[in-house]
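Remember, predicted model here, so these are calculated numbers, not experimental data. Lettering follows sequence order; numbering is per chain, from 1. All values below come from the heavy atoms of this structure, side chains included, with hydrogens, waters and symmetry mates left out.
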2 protein chains.
Amino acid sequence: MEKENVTIYDVAREAGVSMATVSRVVNGNSNVKQATKDKVLAVIDRLDYRPNAVARGLASKKTTTVGVIIPDVTDMFFSELARGVDDVASMYHYNIILANSDDSGTKELQVLENLLAKQVDGIVYMGNGLREQLRNQFSHSNVPIVLAGGVDEVNQIPTVNIDYTAATKDAVTKLIKNGHTQIAFIPGNMQQAINQKYRLRGYQEALEEAGIAFDETMVFDAQYTYNAGFELANELYATTATAAFVGADELAAGILNGLTDRGVNVPEDFEIITAINTKLTQITRPQLSSISIPMYDMGAVAMRMLTKLMDKENIENGHLSLPYGIISRQTTR
Amino acid sequence: MEKENVTIYDVAREAGVSMATVSRVVNGNSNVKQATKDKVLAVIDRLDYRPNAVARGLASKKTTTVGVIIPDVTDMFFSELARGVDDVASMYHYNIILANSDDSGTKELQVLENLLAKQVDGIVYMGNGLREQLRNQFSHSNVPIVLAGGVDEVNQIPTVNIDYTAATKDAVTKLIKNGHTQIAFIPGNMQQAINQKYRLRGYQEALEEAGIAFDETMVFDAQYTYNAGFELANELYATTATAAFVGADELAAGILNGLTDRGVNVPEDFEIITAINTKLTQITRPQLSSISIPMYDMGAVAMRMLTKLMDKENIENGHLSLPYGIISRQTTR
DNA sequence: AATAAAAATGTAAACGCTTGCAAGAGGGTT
DNA sequence: AACCCTCTTGCAAGCGTTTACATTTTTATT
């Protein structure tokens, strides 16, 4: 049971070669005579040798590990992104250190510190925006980083997301085309740039194009939870709104169920369109119409971009907007 | 911008002490004169020194990193566990390397190999069962490991979960009390020990206690997906079953919606109880009655247990069953 | 067969830290 | 003044690899 750690040195001795040679075959590196390679490989197998990645990391200054800062793995949107990240990470032989930040500034900073201490080769940052302080830390370090799913207001950091403004505009326009003029805008947390700037702009553009005046009372701030939505339904009920753009599925589900419970018929009396397209959209009754976002792909592409950055390859375009769609289900006519 | 890596050596020089002393203050270690400590701390601050965790790992043989093998982060059950794990991990200053296994034997093995190469201090394994081969690898290495949420058929590895047999029995008994005798058993993948042994036994015990004969045609095998459930609804419709025990929420949601779409009234004509208690249970209409499992806590407790194991503390009981409950919502009367 | 070029292998110095051991610095005791 | 502790600090040997650079072996050329 006591697997006394076998080192590269043991292998070298047993195989009658130097550790440099063993290192070479382990790394599939340069030119080693086939015969030697076979001999070494045999010993590695016999001794059950497993290269110590930590030592490797020290010597080569590469850890083949990337950090992933995520608000909450429990959030369907982010976990889907994370899955995309991990899949391509492992495809390129990287592991990911996953760290939840709760979207909190101080936690993010702390987590970043940690990740850098662990010498990660790169970082994919997920979040709804990029705080000033964090951006500073990023630029101070020379670890490549890419932002997945979020927005960087100053377009300074490589990013992959969708065009939130356009998507929102499309969704709202769809509602307008269905005859609505009183459309509630409920993107979630209005503090976040993604809502406060991008989505709001899309909403406003759609209204403007249709010649509808922007009415501030149609803008609602909310937490990204089912319960927040459920409660908001009451508030909504008291307004003249006849449709709503909602920034997240759980929130939308809450609103939908809340409204339904109050006897409102969706979509006859009230239409809803949500901004994400998680499994939830199929589960609610009626099913939620939504913007379809390629979450998994966003994560995958972000990670792929990161591998390039880590290899110091040139990135043609550091700001990718993936295509999105609009899926009509049952909460819109 | 070129933060030429400042090392412990730089700090030592600047502070006029030896690196050993710097190391001591960094590790809050042993006894260092307060004056010296202050001096060193000041330099650390000025130079913005950040200890290299990789070097530390090599020297100390501790990486303060634990591996987490998870079937799929995207699964609500597992991501909730993962969150619990990460929270207490970071509480104890550990980071987690998260690796998706897709519940595949070969992938698990590969992932494990990786984790061991990275010299993780411990592993928390999530999965529905523990494959022979993996168990072997585990016992070959001397890295502590704990199983979260799953079952170890031979009770060989520290585990934290709930009593799946008892929970299933309780749930089924509830259905029986409501007058049902034809109860479908749809735990999910019947290959998995957790279903094939534990849950099935609970189901059978409940029937037996009520004097109902076990009917094999009431046992259904299914994938853990919404669609599988939706389709299974048709099949179910054709049987004499009047109630069902379902092993997962998504699956249950599919069954519920499928049945409803066929005009079946739940719970009047058909009752459903699901085995997990994710957010979904509140979102479906009618809301799903379910067994409530402390997912987050299972993860948290498992990680806590792992910290003890890593510290070579004695574990009083390596097989923890956390309490569960039964929540009646609207799919049962 | 001699020689140059190419291929294979070895040597040893990092990489940045921890840690056992030794030694210096102050006291207090007798 | 000699001796013994206890508290601090420094020395230096690792930890297990990678990787320039040097050296040896092989192959090709004439």
Side-chain angles (χ1 to χ4, degrees), chain A residues 3-41 43-44 47-65 93 114 116-121 141, chain B residues 3-41 43-44 47-65 93 114 116-121 141-143:
Chain A
K3 150 133 43 156
E4 281 313 326
N5 273 326
V6 2
T7 73
I8 200 175
Y9 184 75
D10 298 322
V11 175
R13 182 168 26 73
E14 289 290 308
V17 299
S18 72
M19 27 187 309
T21 298
V22 176
S23 175
R24 291 198 187 91
V25 352
V26 165
N27 291 296
N29 209 345
S30 25
N31 19 26
V32 180
K33 208 200 307 182
Q34 188 60 42
T36 316
K37 184 182 293 184
D38 293 345
K39 194 170 52 177
V40 171
L41 250 20
V43 174
I44 284 180
L47 262 43
D48 201 15
Y49 166 70
R50 175 190 298 128
N52 179 323
V54 173
R56 267 222 269 217
L58 220 211
S60 69
K61 290 166 168 292
K62 293 208 166 310
T63 54
T64 61
T65 302
H93 303 291
N114 248 275
L116 294 179
K118 294 245 161 121
Q119 315 297 119
V120 294
D121 294 336
S141 89
Chain B
K3 151 136 41 164
E4 282 309 330
N5 272 325
V6 1
T7 72
I8 200 174
Y9 184 76
D10 299 322
V11 175
R13 182 167 28 70
E14 289 290 308
V17 298
S18 71
M19 28 188 306
T21 298
V22 176
S23 174
R24 290 196 187 94
V25 353
V26 165
N27 291 296
N29 211 344
S30 26
N31 19 27
V32 180
K33 208 200 304 180
Q34 188 60 41
T36 314
K37 184 182 292 183
D38 292 344
K39 194 170 50 178
V40 172
L41 250 19
V43 175
I44 285 181
L47 262 43
D48 202 14
Y49 166 70
R50 174 190 299 126
N52 179 322
V54 174
R56 267 221 268 219
L58 222 212
S60 69
K61 290 164 168 292
K62 294 209 166 307
T63 55
T64 60
T65 301
H93 304 289
N114 248 273
L116 294 178
K118 295 245 161 123
Q119 314 296 118
V120 294
D121 294 336
S141 89
N142 31 32
V143 173

Side chain to side chain contact (heavy atoms under 4.5 Å, CB included) with A12(A): which residues, sequence neighbours excluded? M19(A), V22(A)
If the condition is side chain to side chain donor-acceptor pair (under 3.5 Å), which residues does E14(A) pass it with, not counting sequence neighbours? R46(A)
Side chain to side chain contact (heavy atoms under 4.5 Å, CB included) partners for S18(A), two or more places apart: A20(A), T21(A)
Quick one, give me the B/S/- string for nucleotides 16-25 of chain C, reading 5' to 3', where B means a protein heavy atom under 4.0 Å from the base and S means that only happens at the primed atoms, P, OP1 or OP2. BBBBB-----
Partners of T36(A) by side chain to side chain donor-acceptor pair (under 3.5 Å), sequence neighbours excluded? none
Figure out the NZ/P separation between K37(B) and dT9(D), and round it to whole Å. 10 Å
Strictly under 3.5 Å: I want the nitrogen or oxygen pairs between protein and nucleotides 4-8 of chain D, one per line.
none

A15(A): which residues meet the side chain to side chain contact (heavy atoms under 4.5 Å, CB included) condition with it, sequence neighbours left out? V17(A), V40(A), V43(A)
Just checking, any donor-acceptor pair under 3.5 angstrom between side chains of T65(A) and K118(B)? yes
For K39(B), the side chain to side chain donor-acceptor pair (under 3.5 Å) test, sequence neighbours excluded, returns none
Taken in chain and number order and not counting sequence neighbours, the residues that satisfy side chain to side chain donor-acceptor pair (under 3.5 Å) with N114(A) are none
Set of residues satisfying side chain to side chain contact (heavy atoms under 4.5 Å, CB included) with respect to S23(B), sequence neighbours excluded: I8(B), N27(B)
Rounding to the nearest 10°, end axes of the helix from dA1(C)-dT30(D) to dT30(C)-dA1(D) built from five pairs each make an angle of 50°
Roughly how far, to the nearest 0.5 Å, is CG of L41(A) from CD1 of I44(A)? 5.5 Å
